[in-house]
Amino acid sequence: MTPDDVIRSETKAHGLRIKRNNLVAAASSGAVLAGVSLRFFPHSIPGILGGFVIGFIYANGFEYCLHRFILHGPRGFFRQEHIVHHATLNSPEVARYVNFSSNPWGVVALFLANGAPFLLLQWYFRSVWTAGVFVGFAIYYIAFEEIHWRMHMGGWLPKWLRPAARHHLLHHAHDSDRFSDFLPMFDWLASSLRLQGRVHEDEAGR
């Protein structure tokens with residue numbers, strides 16, 4: 001094996017351990033938040049199912065905003081970390097920087113920061129759908145972490161996700177404005193809004 005092969009193998013094993021720990025942290029955090037919601041607040045099956053959809057869409061929007069405005073923002077610690085992810089794309093150390101967080105406590109903090117406002121809303125409004133939000137958020141995070149890993153490190157992806165993989169890898173190749181990793185709902189929405197804005201500007205300029 002060449003020195004690069006050794007580094008690639010070691011960092012891949014390290015990255016896989018990080019991914020496993022992050023997935024355990026995400027599943028545990030989502031379960032705890034959902035358990036708190038179910039234990040102390042009202043709930044219903046239809047409400048939980050509706051909350052699941054809300055949580056999934058919210059997670060997609062959060063990912064888009066985090067990626068666009070923080071990771072690709074003008075400055076900051078998270079931007080610097082994300083630049084390393086881009087810079088090491090084809091290097092032997094790529095696996096070290098593919099996961100969302102290098103520490104599972106970062107994932108726990110992510111869930112607490114996003115979960116606390118929903119618990120406060122549930123406490124105030126006595127809503128019956130909040131537990132589903134936490135399940136949707138957790139499943140989205142788990143899917144994101146696993147799919148993002150496979151996009152960069154290889155591995156089986158279903159055919160319907162291959163266009164999403166191309167969408168994301170074009171972001172790396174051209175530093176484009178494709179900020180969603182595997183479900184580009186908000187990319188489409190932002191593109192549609194920009195297109196409508198240009199149409200209105202053209203109409204106003206006539």
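For clarity, every value in this text was computed on a predicted model and none was experimentally measured.
- The shortest distance between side-chain heavy atoms of Arg79 and Ile70 does not fall below 4.5 Å.
- Between the side chain of Ser101 and the backbone N or O of Pro104 there is no donor-acceptor pair closer than 3.5 Å.
- Rounding to the nearest 0.5 angstrom, the gap separating the CG atom in Leu169 from the CG atom in Leu89 is 7.5 Å.
- Note: Tyr58 and Phe62 have parallel aromatic rings, judged against thresholds of 30 and 60 degrees for the angle between ring planes.
- The distance from the SG atom of Cys65 to the CZ atom of Phe179 is 10.5 Å, given to the nearest 0.5 Å.
- Contact check for Trp105 versus Val108: side-chain heavy atoms found under the 4.5 Å cut-off.
- One distance of note links CG of Leu161 with NE2 of His168; it measures 12.5 Å at 0.5 Å rounding.
- Not one N or O on the side chain of Arg96 forms a donor-acceptor pair closer than 3.5 Å with the backbone of Thr11.
- Although no hydrogens or angles enter the test, the distance criterion places no donor-acceptor pair under 3.5 Å between the side chain of Ser37 and the main chain of Leu33.
- As a member of the Ile/Leu/Val/Met/Phe/Trp/Tyr network built from side-chain separations under 4.5 Å, Leu49 groups with Ile45.
- Grouping the Ile, Leu, Val, Met, Phe, Trp and Tyr side chains by contacts below 4.5 angstrom, directly or via other members, places Leu66 apart from Ile142.
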His14/Glu10 under side chain to side chain contact (heavy atoms under 4.5 Å, CB included): CA gap, chis, key distance, verdict: CA-CA 6 Å; His14 179 65; Glu10 290 176 350; over 6 Å; no
Does the side chain to side chain contact (heavy atoms under 4.5 Å, CB included) test come out yes or no for Gln122 and Phe40, once each step is laid out? CA-CA 10 Å; Gln122 187 173 32; Phe40 295 104; over 6 Å; no
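- Partners of Lys12 by side chain to side chain donor-acceptor pair (under 3.5 Å), not counting sequence neighbours: none found.
- Listed here is the closest heavy atom pair of Glu146 and Leu23: OE1-CD1, 3.8 Å.
- Formation of a donor-acceptor pair under 3.5 Å by the Thr88 side chain with backbone atoms of Val84 is found in this model.
- Of the possible polar contacts, one joining the His148 side chain to the Val98 backbone as a donor-acceptor pair under 3.5 Å is found.
- At a threshold of 4.5 Å between non-hydrogen side-chain atoms, the residues Asn21 and Ile18 do not count as touching.
- Ionic pairing of Lys19 and Glu145 is not present here: no N-O contact between side-chain nitrogen and carboxylate oxygen is shorter than 4.0 angstrom.
- A donor-acceptor pair under 3.5 Å links the side-chain atoms of Ser29 to the main chain of Ala25, judged by distance alone.
- Not a single donor-acceptor pair under 3.5 Å links the side chain of Asn60 to the backbone N or O of Pro184.
- Summarising the geometry, atom OG belonging to Ser9 is positioned 12.5 Å from atom CG belonging to Asp4; distances are rounded to the nearest 0.5 Å.
- Phe118 and Val53 end up in the same hydrophobic cluster when Ile, Leu, Val, Met, Phe, Trp and Tyr side chains are linked at under 4.5 Å.
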Audit row: Glu93, Tyr97, side chain to side chain contact (heavy atoms under 4.5 Å, CB included) steps and yes/no: CA-CA 8 Å; Glu93 295 189 344; Tyr97 306 103; 4.3 Å; yes
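- Residues Ser28 and Val24 form a side-chain contact, since some pair of their non-hydrogen atoms from C-beta on lies under 4.5 Å apart.
- Contact record, Met153 with Val94: SD-CG1, 3.8 Å, taken as the closest heavy-atom pair.
- Applying ring-ring contact (aromatic ring centres under 6.0 Å, His included) to His72 and the options His85, His171, His172 leaves one that passes, His171.
- Following chains of ILVMFWY side-chain contacts shorter than 4.5 Å, one can reach Ile57 starting from Phe182, so the two form part of one hydrophobic cluster.
- Hydrophobic clustering, with ILVMFWY side chains joined whenever heavy atoms are under 4.5 angstrom apart, keeps Leu110 apart from Phe69.
- You'll find the side chain of Tyr64 stays beyond 4.5 Å of the side chain of Leu183, heavy atoms only.
- The two residues Ala138 and Gly30 come nearest to each other via the heavy atoms CB-CA, 4.0 Å.
- A heavy-atom distance below 4.5 Å is not found between the side chains of Leu71 and Ile83.
- Judged purely by atom type and a 3.5 angstrom limit, Arg150 has no side-chain atom pairing as donor or acceptor with the backbone of Gly155.
- In this pair, Phe144 and Tyr141 present their aromatic rings tilted. The plane angle is within the 30 to 60° band.
- A donor-acceptor pair is defined here as one N or O able to donate and one able to accept, closer than 3.5 Å; such a pair exists between the side chain of Asp187 and the backbone of Ser180.
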Test Leu119 against Tyr124 for side chain to side chain contact (heavy atoms under 4.5 Å, CB included), laying out the working first. CA-CA 9 Å; Leu119 286 175; Tyr124 188 80; over 6 Å; no
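- Heavy-atom neighbours of Arg126 CZ from other residues, nucleotides or ligands within 6.0 Å: above the threshold of 12.
- The shortest side-chain heavy-atom distance between Glu63 and Phe186 does not fall under the 4.5 Å cut-off.
- Within the 4.5 Å cutoff, no side-chain heavy atoms of Ile147 are placed close to those of Asp181.
- Hydrophobic clustering, with ILVMFWY side chains joined whenever heavy atoms are under 4.5 angstrom apart, groups Phe137 together with Phe41.
- Between the side chain of Ser127 and the main chain of Thr130, no donor-acceptor pair closer than 3.5 Å is present.
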